[in-house]
Amino acid sequence: MLLLPSAADGQGTAITHALTSGKGLRASTLCQVEPVGRWFEAFVKRRNRNASASFQELEDKKELSEESEDEELQLEEFPMLKTLDPKDWKNQDHYAVLGLGHVRYKATQRQIKAAHKAMVLKHHPDKRKAAGEPIKEGDNDYFTCITKAYEMLSDPVKRRAFNSVDPTFDNSVPSKSEAKDNFFEVFSPVFERNSRWSNKKNVPKLGDMNSSFEDVDAFYSFWYNFDSWREFSYLDEEEKEKAECRDERRWIEKQNRATRAQRKKEEMNRIRTLVDNSYSCDPRIKKFKEEEKAKKEAEKKAKAEAKRKEQEAKEKQRQAELEAARLAKEKEEEEVRQQALLAKKEKDIQKKAIKKERQKLRNSCKTWNHFSDNEAERVKMMEEVEKLCDRLELASLQCLNETLTSSTKEVGKAALEKQIEEINEQIRKEKEEAEARMRQASKNAEKSTGGSGNGSKNWSEDDLQLLIKAVNLFPAGTNSRWEVIANYMNIHSSSGVKRTAKDVIGKAKSLQKLDPHQKDDINKKAFDKFKKEHGVVPQADNATPSERFEGPCTDFTPWTTEEQKLLEQALKTYPVNTPERWEKIAEAVPGRTKKDCMKRYKVMEVLELRVPSAFQIYCKEMTNLSSFLALAVSANRLGTGVLMTDFPSLAYVFPPEPG
């Protein structure tokens with residue numbers, strides 16, 4: 001159905017043709033039409049306003065309202081307009097030039113356009129020239145300022161840049177002292193005027209003393225995370241359009257970006273200072289803190305009271321638990337007794353069942369004549385069956401009996417032999433494990449008694465000294481170390497007992513477990529033997545050490561066993577690449593200086609005899625044999641008897657002395 005608009009006042013409606021079906025005419029069809037585009041907008045407006053006016057009528061009303069607004073727009077004449085310098089257009093107030101100084105950033109584009117039109121009609125050079133006013137040539141006339149103002153304000157981007165540096169905007173921030181008594185009157189207008197820079201709409205208000213905590217928190221959260229659209233491209237000192245080449249344009253753009261970023265940073269610092277001052281002076285914050293403190297105190301008291309009540313309740317509960325535990329213990333003991341009785345009954349039942357199954361197995365095997373016609377084989381099978389009865393559990397016995405009773409003789413025999421084989425294998429493994437444990441126990445016993453083998457009880461003092469010497473001579477890392485040590489001992493030993501690597505390892509481990517004093521005793525015995533054989537009495541007090549190691553005319557204090565241990569530990573703790581190594585080593589050995597430690601280390605290097613030639617060189621520097629023996633005794637390391645025995649070349653260094 002097509003709806004036509006009603007006739008206007010004073011007019012009538014006439015029907016020219018009836019829309020009915022007849023001869024030569026089609027029947028009318030009902031079509032539903034949906035408005036689109038601007039007609040849909042008009043439809044929505046009519047529906048919302050409950051009106052039936054057409055879109056054209058709405059458009060006419062809109063134009064009339066705009067014209068009425070144009071008529072209402074009042075322009076303010078800028079008194080300094082005619083004195084403006086067109087070359088200094090960047091420093092002029094464009095809103096004031098167009099007469100919109102009272103509207104400023106709130107002016108619409110239509111108002112800017114209307115203001116420009118009015119200014120052109122009034123100040124155009126042709127108009128003024130026709131009125132007889134003298135006109136400046138070219139762009140020197142102030143009318144250029146009007147054109148420039150319209151150019152800046154009609155472009156949204158340029159207008160945004162100019163609005164960011166609005167010369168009439170107050171950038172001041174109230175101090176804390178200014179808002180001491182009238183906080184809301186001081187800070188409310190400041191936040192109001194700075195809200196124009198927000199990218200987000202619906203900027204929260206400062207509120208008043210009755211504002212809730214949520215509103216105040218939302219207000220300061222918004223301003224502490226303030227998103228400002230204010231930018232400072234209008235204040236760029238250089239215009240890249242004036243550049244002569246691309247590189248110069250890039251340089252100008254780089255300088256402008258740096259300047260804008262600095263100004264943006266200063267602007268955000270200004271906003272942050274404003275929010276900080278407001279937060280520190282806000283009486284509501286103080287009130288909320290006091291309320292929070294009072295709330296915490298109340299919670300603390302309530303908590304203490306609740307704790308007291310809880311302790312009382314716990315005490316009552318503890319008494320009740322003790323009573324319940326006593327009753328539960330009695331009940332548990334009774335249950336344990338009952339369970340023990342049940343377990344005993346079950347055990348008896350199981351014993352009877354096992355006994356029954358064992359008897360059943362014997363009877364089954366007896367029924368089949370133990371699966372053999374030979375008397376000897378039957379006896380052996382009976383032994384195996386008894387072995388099965390002793391070692392098989394109830395479930396295995398039941399399974400085997402079921403197989404024997406429900407199958408033929410051959411199948412039963414195979415099942416029985418398989419079970420016998422498994423049991424025999426299990427017995428064999430257990431026997432091997434027991435033998436291995438016994439062997440291990442015997443080995444441990446031999447180690448604890450000082451080694452194993454034929455030579456475990458034949459270690460003389462000379463052999464012990466020779467072993468100590470060989471262990472030091474062939475350190476860890478030597479290929480086939482213990483075989484080499486055993487061979488070395490077999491060559492140099494005077495006892496005639498041949499040692500194996502196994503004997504050497506066992507004895508070396510037992511020596512490691514000895515007390516340090518026992519080791520010193522072994523060395524001392526070896527040295528006494530050496531003195532007895534050579535008839536030499538070393539005089540440690542009158543010994544003259546080598547100048548190379550001890551220095552000339554210095555007193556030599558023997559090293560004790562404890563000092564020797566501390567020195568060896570310090571040498572391991574501080575390796576060669578440690579900075580100020582010897583100072584740290586001297587600190588680790590009380591009573592010894594850095595020089596003493598270094599001399600002692602050199603003596604140890606020689607006495608360890610890792611290189612025989614070094615030992616010979618050292619001996620050549622000694623004045624006599626007594627000096628060498630005195631130094632060897634003070635070293636507390638190896639016995640000199642072993643050293644002389646291992647190195648026959650010393651006979652050349654130390655010829656036999658008379659007596």
Trace of the side-chain contact (heavy atoms from CB on, under 4.5 Å) decision for V275 with F191: CA-CA 9 Å; V275 182; F191 281 107; 4.3 Å; yes
Neighbour count above 12 (heavy atom, 6.0 Å) for N202 CG: no
E192 vs K205, side-chain contact (heavy atoms from CB on, under 4.5 Å): CA-CA, chis, key distance, verdict: CA-CA 8 Å; E192 186 69 27; K205 302 295 182 181; 3.1 Å; yes
N-O pairing of R284 and D215 below 4.0 Å: no
Atom CD of E34 with >12 non-hydrogen neighbours under 6.0 angstrom: no
Point-to-point distance, once rounded to the nearest 0.5 Å, from CG of L100 to CD of Q111: 7.0 Å
Residue pairs, two or more places apart or on separate chains, that pass side chain to side chain donor-acceptor pair (under 3.5 Å) and touch residues 289-302: none
Residues E253 and R249 bridged, charged N to O under 4.0 Å: no
Min side-chain heavy-atom separation L274-P174 under 4.5 Å: yes
T573 and Q569, any side-chain heavy atoms less than 4.5 Å apart: yes
Sequence neighbours excluded - ring-ring contact (aromatic ring centres under 6.0 Å, His included) pairs with any residue from residues 277-314: F213-F288, Y220-Y279
Pair Y95 and Y105, ring centroids less than 6.0 Å apart: no
Salt bridge (Lys or Arg N to Asp or Glu O under 4.0 Å) assessment of K572 paired with E568: CA-CA 6 Å; K572 295 178 182 178; E568 292 177 358; 5.9 Å; no
Distance (rounded to the nearest 0.5 Å) between W39 CH2 and F43 CZ: 15.0 Å
Least distance between heavy atoms, E151 atom then K158 atom: OE2-NZ, 3.3 Å
Cation-pi geometry met for R592 and W559 (6.0 Å, 45°): yes
Residue pair R270 / N194, side-chain heavy-atom distance below 4.5 Å: yes
Row check, Y224 ring normal vs R272 NZ/CZ: under 6.0 Å, within 45°: no
Approximate separation, where rounding is to 0.5 Å, of I271 CD1 and S228 OG: 6.5 Å
Lys/Arg cation over aromatic W89: K148, 6.0 Å, 45° cone: yes
R318 vs E315, side-chain contact (heavy atoms from CB on, under 4.5 Å): CA-CA, chis, key distance, verdict: CA-CA 5 Å; R318 190 179 68 84; E315 183 63 23; 2.9 Å; yes
